[in-house]
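The basis for the numbers below is simple: all heavy atoms, side chains too, and nothing from hydrogens, waters or symmetry mates.
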Amino acid sequence: MDPAASAPTAIKDPSPGSALLPLAVISNGGSTQNLTQGGWIEPLLAGEPNAHHLSLTSHDQVAGAVREAARLGAAAIVVNGGDGTADLVFGALLNDRPFAAPPPLALLSAGKTNMTAHAWCGPHPKEMALRHVLDSRRKGMLLENVIQRPILTLDRGDGAAPLRGAFFGAADVVNGILFCRKHIYPLNLPNAVSHSTAMGLLLWRSLFASPDSDDVTASWRPQGEQERGAFFFAGATTLDELILGLKIEPATNDGPLRYLSLRPGPRAIFAALPRLISKSVNAGVGRTVRAVQSLTLAFDGAYTLDGELYEAAASRPLALSAEDSLPFIRYDRTS
């Protein structure tokens, strides 16, 4: 690809004499909320000295925007997009290493899935979150609420650069999501109807349908344990909380990855329901919960990394770890 064609559009108000920390804002114009509410961010950035708005039109431009942020000497980066955009920023920072040390990140909830932003930065709507960031920068408090978080690394075994993220999911639930995207969402039903129908279908599959994916083999360290078979869900995360505040609670703390698997069928699903309702999932009937250093999964079929979908082949097992970390700005704790 021509580098010029993939360069982000920069909208700057540099004010070179400003004492404020240099700030880079990377906006994915194709993220779900930015598509439907385009132009919301420019009025908030207008007149902000030493803030550089890097506006993207495609995912291909994210790595270039991160390099530009490094060239501009950004002391912090705001990511205006969803989980998929955040993952690409993680990859550009950790795979390419354009900064001597990665700057703190503030993630705005501007995508279709925003689980990482909610868990690590705060649950505020994107406009409120950006106002918090800009206000704390003006007060000199932007870097007072920075916390290191482990980043999930996914090696696909094909020699390509690893994917980076925070939540990995596989097994029959992902096949159900694919079915919904293909057959339910194109019907253009009201969102409430589409989502309710999709949730009903996933529940039915978990209780009664035979999984249409091949067996999954999962092995993890340091315990050196393994399990194999049909699963409704098999996945891992470095997040403290998942959707709706759900927490994975392993019995021991043996690593930064939280591994969860759930078998299909009424016995396992009904045994898990009380834990799901209490928003704290531990090991039990038909489910495995572990804290691990690394995880290997071998299967044929689809999987998701923070909402983005990929295909796996059992002949190339997926290797998951969380040895790297990045700093994040917890903006709901700023004044």
Side-chain angles (χ1 to χ4, degrees), residues 113 115 118-119 152 166-180 184 195-307 309 312 314 318 320 322:
T113 58
M115 196 159 54
H118 288 180
L152 189 153
F167 176 82
F168 168 93
D172 196 55
V173 66
V174 179
N175 294 323
I177 293 170
L178 283 171
F179 182 91
C180 293
I184 294 178
H195 294 158
S196 297
T197 303
M199 291 298 293
L201 174 65
L202 292 176
L203 179 61
W204 181 87
R205 289 175 69 100
S206 71
L207 291 171
F208 306 114
S210 298
D212 58 14
S213 59
D214 291 335
D215 283 353
V216 175
T217 299
S219 57
W220 54 89
R221 295 182 181 279
Q223 299 88 342
E225 297 174 340
Q226 183 182 89
E227 65 178 355
R228 180 178 180 179
F231 296 92
F232 175 64
F233 175 81
T237 186
T238 57
L239 296 174
D240 304 315
E241 292 186 358
L242 304 180
I243 190 170
L244 301 177
L246 183 67
K247 295 183 179 181
I248 299 176
E249 301 285 358
T252 60
N253 187 18
D254 295 324
L257 275 178
R258 299 294 186 264
Y259 169 67
L260 167 66
S261 68
L262 179 61
R263 301 281 182 172
R267 186 166 180 260
I269 299 303
F270 285 128
L273 280 179
R275 305 308 309 173
L276 295 172
I277 293 171
S278 70
K279 298 184 179 181
S280 177
V281 181
N282 56 10
V285 176
R287 66 184 183 273
T288 300
V289 175
R290 295 284 190 277
V292 302
Q293 289 286 348
S294 62
L295 175 70
T296 301
L297 293 138
F299 62 95
D300 290 308
Y303 64 91
T304 179
L305 185 66
D306 294 324
L309 291 168
L318 304 176
L320 286 75

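Counting heavy atoms from C-beta on, the side chains of S280 and R275 come closer than 4.5 Å. Inter-residue side-chain proximity for V289 and E249 is flagged as unmet; no heavy-atom pair is nearer than 4.5 Å. Using a 4.5 Å cut-off on side-chain heavy atoms (C-beta onward), T113 and F167 make no contact. L242 has its side chain out of reach of H118: every pair of non-hydrogen atoms, C-beta onward, lies at least 4.5 Å apart. Counting only heavy atoms from C-beta outward, the side chains of S219 and E227 never approach each other to under 4.5 Å.
Between L320 and A236, the closest heavy-atom pair is CD2-CB, 4.1 Å. Shown here for G255 and A291, the closest heavy-atom pair between the two residues is O-CB, 3.8 Å. The minimum heavy-atom distance between A268 and G286, with the atom names listed, is CB-CA, 3.9 Å. Of all heavy-atom pairs between D306 and A166, the closest is OD2-N, 2.9 Å. Taking every heavy atom of both residues into account, V174 and G169 meet most closely at CG2-O, 3.6 Å. F299 and D215 get closest at one heavy-atom pair: CB-O, 3.8 Å.
Considering OG1 of T296 and CZ of R221, their distance stands at 8.0 Å, rounded to 0.5 Å. To the nearest 0.5 Å, atom CG of residue D172 and atom CZ of residue F233 are 12.0 Å apart. To the nearest 0.5 Å, the span separating OG1 on T252 from CZ on R290 amounts to 7.5 Å. The distance from the CG atom of L246 to the CD1 atom of I277 is 11.5 Å, given to the nearest 0.5 Å. In this structure, CG on L276 lies 7.5 Å from CG on L262, to the nearest 0.5 angstrom. Going from atom CG of L152 over to atom CG of L305 covers 6.5 Å, rounded to the nearest 0.5 Å.
Environment of CD1 in I243: sparse, with no more than 12 heavy atoms of neighbouring residues, nucleotides or ligands closer than 6.0 Å.
Ring orientation note: the planes of Y259 and W220 are tilted relative to one another, at an angle of 30° to 60°.
For R263 and F231, the positive end sits near the middle of the six-membered ring, less than 6.0 Å away and at most 45° from its axis.
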Check against side-chain contact (heavy atoms from CB on, under 4.5 Å), T288 and L260:
CA-CA 6 Å; T288 300; L260 167 66; over 6 Å; no
Begin with the C-alpha distance, continue with both residues' side-chain angles, and end with the deciding distance and a verdict on side-chain contact (heavy atoms from CB on, under 4.5 Å) for L295 and R258.
CA-CA 10 Å; L295 175 70; R258 299 294 186 264; over 6 Å; no
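Listed by chain and residue number, D254 satisfy the side chain to side chain donor-acceptor pair (under 3.5 Å) test with Q223 (two or more places apart in sequence, or in another chain).
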